[in-house]
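Okay, structure first, notes after.
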Amino acid sequence: MNTWNIILKQDSKDTFSVAVASDQKKLIINTGLTSGFEAMLSTNLFTELRRHNLAVGSNINDLLHLALGVYTTDQIISRRYYGFQGWSRHFKLFAPVSDIDDWVPCQKSIEDLLSFLSGDKWEITFRQKIWEQKRIELSTDTNPRKIQTVSLFSGGMDSFIGALDLLEDKVKVAFVSHYKRGSESGVQSKLYEELSKKYGKPSFVSHQFYVQPNQKHKDTSKEGSSRARSFLFMCLGLSVANSLGPDVDFIIPENGLISLNVPLTGTRLSSHSTRTTHPYYLSLFKEIMVALGVGNPITNPYQFRTKGEMMVQCKNQKLLKDLGSQTLSCSHSELSRYAGLSPGIQCGYCVPCLIRQAAEKKSKINGTKYVHSVGKSPPSQTSQSGSDIRAFKLAIERMNSRSEHSIMFDVLNSGPVPFDTESELIEYVEVYKRGMYEVKEFLKM
């Protein structure tokens, strides 16, 4: 395992550097340089903020640059080549900030958050920025459209249901999307278009932020996973909310089973146990933001619902039936081209696809196209495409044979779960069990 020293810069005027040992590597990521051959990433982030007249404070500005640096680092340094046992990597990140007294107390929490999220070791050194970039001047009315809530909108089923519920409740909402190369942007744009037809253009605002690390740069090596993407996505959403006002709610819509993401087997404690909306991750994120002076309320309103329950309880059943099939939940939908189909078709056998199909069965809302029809012709459980089905069956059989106390231990073993009362802890356990039983019913075990 190599140690990577990552020097983040926000401007070409920054001449900061560090000396590194011969057995370590060094890489400079200029998050202010977003075009050209030497750029480590491409993004429309800052032009999109300007286009919508969204002015961010100094800490939020630094947070966005940090998020760009973290996400780019995650994507351009291969676990296979540089990780311990082909997985966990070691990063030393040097990040410039405007108000170092605000950031230094958060250092350990940010390191813990990123390590929990990506499975890597992160060490962060904040340094004083010696110049200030020109930013949008704050207007007297930072929220002229009276946005009440900002909600993440990935183009997946959960975020679409979250959007429908908000719009049905006549909440004035701003949706925030992130996309990179591939089919994500098209899915998001199509769904936004349909929502606009139904609810009218004045009912919501949409922000589609493009961030694509340069995985073809001469100094990089492509990483296939994207476990740190959640940090970028949440920072994008929170930045929009905070620019509109400190009391604007920020919502992350995700079903409870995926949120907890309890490893299905003992061998899935690393690569398969993503923690993008885990309650512990969200609680750490909130604590860090409060310490930085960003107090916007952050919630996942579906923490205690399964995906099937989200579909059944969706407040616009007709639009969910009409458009739900166009949402995209698959872990690797771009691989559909290898089956002779167009990219963007869901595989049918990955963990998100299995949970989705179980939810569709529970809600009796069908129509999604899958590359492989698992219900009619399941792949061999000894094949790579059958590994997630096999893991689910093993997990369900194990859960059926265990006591309530043991199941609670499994849930807590996936990561510390913040709870105030015993009844709240029981809610986490119960949503996990109900979600697993939905999958059991789909797999007809």
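We count residues from 1, following the sequence as given.
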Heavy-atom side-chain proximity of [X] to [Y] below 4.5 angstrom:
X	Y	answer
T276	R229	no
I6	L27	yes
T421	E427	no
W103	L63	yes
S12	L33	no
L114	I124	yes
E223	I77	no
D165	M310	no

Any salt bridge between [X] and [Y], counting N to O under 4.0 Å?
X	Y	value
D14	R127	yes
E438	K307	no
R51	E48	yes
R79	D120	yes

Worked verdict on T306 versus R434 for side-chain hydrogen bond (donor to acceptor under 3.5 Å, both in side chains): CA-CA 7 Å; T306 69; R434 296 197 308 275; 5.6 Å; no
Is atom [atom1] of [X] surrounded by more than 12 heavy atoms (other residues, nucleotides or ligands) closer than 6.0 Å?
X	atom1	value
K198	NZ	no
R145	CZ	yes
F16	CZ	yes

Do [X] and [Y] have a side chain donor and acceptor closer than 3.5 Å?
X	Y	value
E123	T125	no
K26	S17	yes
T73	R89	no
K129	Q10	yes
E168	N316	yes
Y281	S230	yes
T368	E360	yes

E184 side-chain N/O to G155 backbone N/O, donor-acceptor pair under 3.5 Å: no
All pairs passing ring-ring contact (aromatic ring centres under 6.0 Å, His included) where residues 146-183 contributes a residue, at least two apart: Y71-H178, F153-F175, F153-Y192, F175-F204, Y179-Y210
Check: F126 ring centroid to F94 ring centroid under 6.0 Å: no
Aromatic plane relationship, F91 with W122 - under 30° parallel, 30 to 60° tilted, over 60° perpendicular: tilted
Working for side chain to side chain contact (heavy atoms under 4.5 Å, CB included), residues H278 and N261: CA-CA 7 Å; H278 191 279; N261 213 353; 5.9 Å; no
Partner of V431 under side chain to side chain contact (heavy atoms under 4.5 Å, CB included), chosen from L260, L257, V411: L260
Positive for side chain to side chain contact (heavy atoms under 4.5 Å, CB included) with M40, one of L68, D219, N30: D219
Criterion salt bridge (charged side-chain N to carboxylate O under 4.0 Å, His left out) on E193 and K197, from CA distance to verdict: CA-CA 6 Å; E193 180 183 344; K197 288 179 184 177; 3.8 Å; yes
Approximate separation, where rounding is to 0.5 Å, of [X] [atom1] and [Y] [atom2]:
X	Y	atom1	atom2	result
F392	L354	CZ	CG	6.0 Å
S154	L191	OG	CG	9.5 Å
Q313	I161	CD	CD1	10.0 Å
L41	N214	CG	CG	8.5 Å

Derivation of the side chain to side chain contact (heavy atoms under 4.5 Å, CB included) call for M289 and L292: CA-CA 5 Å; M289 293 307 109; L292 290 173; 4.1 Å; yes
Which residues share a ring pair (Phe, Tyr, Trp, His ring centres under 6.0 Å) with F285, sequence neighbours left out: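 Applying ring pair (Phe, Tyr, Trp, His ring centres under 6.0 Å) to F285 gives none.
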